[in-house]
Amino acid sequence: MESAALSRIGLAGLAVMGQNLALNIAEKGFPISVYNRTASKVDETVDRARNEGSLPLTGQYNPREFVLSIQRPRSVIILVKAGAPVDQTIAALSDHLEPGDCIIDGGNEWYENTERRISQVADKGLLYLGMGVSGGEDGARYGPSLMPGGSQTAYNNVHDILHQIAAQVEDGPCVTYIGEGGSGNFVKMVHNGIEYGDMQLISEAYDVLKHVGGLSNSELADIFAEWNSGELESFLIEITADIFKVKEDDGEGFLVDKILDKTGMKGTGKWTVQQAAELSIAAPTIAASLDCRYLSGLKEERENAATVLKEAGLSDELGRIGVSGVDKKRLIDDVRQALYASKICSYAQGMNLLRAKSNEKGWNLNLGELARIWKGGCIIRAVFLDRIKKAYQRNPNLASLIVDPEFAREMVQRQAAWRRVVGLAVSAGISTPGMCASLAYFDTYRRARLPANLVQAQRDLFGAHTYERVDRPGAFHTEWTKLARQSGTGVGALN
């Protein structure tokens, strides 16, 4: 009887994400206990559960009673701010947890912190999961994409709950066991990096259409809505169409035009770029999106630069009124193709980063399955991801999405439009760093020979770093300066 009265799972941390996830769990028929250090948040959540259908949710007001209200083996989700608050919450709860119980951190945590905590709680016999949760507030309430990594046993204890609360797509729930250690957090981090790239590329498409094509917000709304019924169908394209429809309260003008052009961030994009550098993985599109967020923060400097450069003779029209004589219909179609091709490159970079980290850590990540669980619930959800899933099903060892036969064919078909868009943007003084980075990535990756031979020669000249040759094996070093100054003599090489 006592067991029947206990909750199936617990959740600590009742900001909006925590509340919504708890209500999602309760709505799926799993009795849940909730706790927050601030008692009013507990009351608020209990009231919501009552008002949203008398859901099986119970509020607790101290860590001990919270833990004791959950059936063994206990599983407790914590949704608090990453870093020290997570450690503080673990400390408060672990005093009352027993061996075999599990803590599930659902925040955007640095993966090494999760790996540290796995070791720390293991000393007490506790299990641990670091679970990426994507989809924002609505996703948490109605079905997120979930990326749990850590203890397989801990995952097995709650997989029935996770499968029910996750977003549902035609090939299953948007959740899977990611792998050991901090793999769940790492996958969520790269997901967010890809999200940075997606948002940047969409903003560039908007900028080109608005300033080169001269399109109105109403026209942009229609265009993005149309794109959302084709190959670009995705959550971000859908909400972009909606954004362009919203007018000011007074009906004069559109709200998007009144928003300050400074982009915020919470750190996962920066972590992604740092990890790419650590693993020697090129991620120029994601890096460009991060750089643009940094530059957007320099609002006063940018305004000053605009004034100074105008006084120095830069045309007032450059970057504002676009290029005369542009065929709008063709431009719209070209931008669509450029956006799609750029996305392929951006996702290829993210997937290559995941594979490199998986190889380093022995996580054995299933890239096709990751694409599948991103098809619903999360911010980057898109029909495009089903194509990525199938590419990795065809070839699990695929070196890059760019060389998947289907994606390769599409890249080739779209490259002419892609180049036209980038060229027009450059001519108009419109910055498209994401599209340019993707195109440069494509052009670099597709070339069998690069000018890196000259860079290596320079390294050998000033640092004796040696070089390899294309015609015979071995490491070579040349006295470049000495030989160059010997008039009438050729340049030789020494083994």
Side-chain angles (χ1 to χ4, degrees), residues 1-107 109 114 117 120-121 124-131 133 137 140-142 144 146 148 150-151 154-155 157-162 164-165:
M1 291 294 293
E2 179 186 359
S3 176
L6 296 177
S7 294
R8 176 72 169 78
I9 193 169
L11 188 147
L14 297 174
V16 177
M17 280 288 289
Q19 287 188 24
N20 283 359
L21 193 63
L23 292 166
N24 183 359
I25 292 169
E27 191 172 59
K28 298 304 187 296
F30 299 101
I32 182 170
S33 294
V34 298
Y35 165 72
N36 196 85
R37 287 193 307 169
T38 307
S40 61
K41 288 292 185 182
V42 178
D43 294 336
E44 184 180 317
T45 309
V46 170
D47 288 342
R48 285 189 63 188
R50 184 185 306 112
N51 295 333
E52 294 182 26
S54 297
L55 303 177
L57 180 148
T58 305
Q60 302 294 337
Y61 295 89
N62 66 69
R64 181 177 182 275
E65 295 302 320
F66 169 63
V67 169
L68 293 179
S69 71
I70 305 164
Q71 69 183 49
R72 300 185 182 92
R74 302 178 181 93
S75 297
V76 178
I77 300 171
I78 57 175
L79 271 170
V80 298
K81 188 177 180 181
V86 176
D87 291 308
Q88 292 161 5
T89 305
I90 291 171
L93 298 176
S94 59
D95 286 343
H96 312 290
L97 293 169
E98 299 173 337
D101 292 346
C102 174
I103 296 171
I104 305 168
D105 178 13
E109 186 57 270
T114 292
R117 290 169 185 142
Q120 287 177 344
V121 303
K124 297 184 177 183
L126 303 178
L127 308 178
Y128 200 91
L129 284 175
M131 183 172 71
V133 179
E137 297 172 8
R141 181 64 182 86
Y142 301 109
L146 301 172
S151 167
Y155 174 76
N157 289 344
V158 294
H159 83 277
D160 58 331
I161 299 176
L162 301 184
Q164 288 295 315
I165 67 170

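Remember, it's a predicted structure, so these values are computed and weren't measured experimentally. When a residue number appears, it is its place in the shown sequence, counting from 1.
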Query - Criterion side-chain contact (heavy atoms from CB on, under 4.5 Å) on S94 and L126, from CA distance to verdict - result: CA-CA 8 Å; S94 59; L126 303 178; 3.9 Å; yes
So which atom in [X] and which in [Y] form the shortest heavy-atom distance, rounded to 0.1 Å?
X	Y	result
P148	L162	CG-CD1, 4.3 Å
G18	L79	CA-CD1, 3.6 Å
S69	Q60	CB-NE2, 3.6 Å
P144	V133	CB-CG1, 4.0 Å
G13	V80	CA-CG1, 4.0 Å
S33	F66	O-CE1, 3.3 Å

Nearest-0.5 Å distance, [atom1] of residue [X] to [atom2] of residue [Y]:
X	Y	atom1	atom2	result
K41	Q19	NZ	CD	6.0 Å
L55	T45	CG	OG1	11.5 Å
F30	I165	CZ	CD1	8.5 Å
R117	I90	CZ	CD1	5.0 Å
E137	L21	CD	CG	12.5 Å
D47	E52	CG	CD	10.5 Å

**Report entry** CA sep, side-chain torsions, deciding dist, call: L127, Y155, side-chain contact (heavy atoms from CB on, under 4.5 Å)
**Finding:** CA-CA 9 Å; L127 308 178; Y155 174 76; over 6 Å; no
Report yes or no: does [X] contribute a side-chain atom to a donor-acceptor pair with the main-chain N or O of [Y] at less than 3.5 Å?
X	Y	value
N20	R141	no
N36	V42	no
Q71	I9	no

Query raised in the report: Step by step, would you call T89 with K81 a side-chain contact (heavy atoms from CB on, under 4.5 Å)?
Result: CA-CA 10 Å; T89 305; K81 188 177 180 181; over 6 Å; no
Query raised in the report: Only one of V67, I70, V121 forms a side-chain contact (heavy atoms from CB on, under 4.5 Å) with L97, so which one is it?
Result: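 Result for side-chain contact (heavy atoms from CB on, under 4.5 Å) with L97: V67.
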Requested in this report: Determine the sole option in V76, I78, V158 for which the side-chain contact (heavy atoms from CB on, under 4.5 Å) test with I104 is passed.
Outcome: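 Among the candidates, only V158 passes.
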Requested in this report: Please examine the side chains of M131 and T114, heavy atoms only from C-beta on, and report whether any two atoms are closer than 4.5 Å.
Outcome: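 A side-chain contact under 4.5 Å is absent here.
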**Report entry** Residues in side-chain hydrogen bond (donor to acceptor under 3.5 Å, both in side chains) contact with Q164, at least two apart in sequence or another chain
**Finding:**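 For Q164 there are no side-chain hydrogen bond (donor to acceptor under 3.5 Å, both in side chains) partners, ignoring immediate neighbours.
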Requested in this report: Please report the C-alpha distance between I103 and R74 in whole Å, then the side-chain angles of each, then the deciding distance to 0.1 Å, and finally whether the side-chain contact (heavy atoms from CB on, under 4.5 Å) criterion is met.
Outcome: CA-CA 8 Å; I103 296 171; R74 302 178 181 93; over 6 Å; no
Query raised in the report: Around atom CZ of R37, are there more than 12 heavy atoms of other residues, nucleotides or ligands at under 6.0 Å?
Result: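 No - once you tally the heavy atoms of other residues, nucleotides and ligands closer than 6.0 Å, there are 12 at most.
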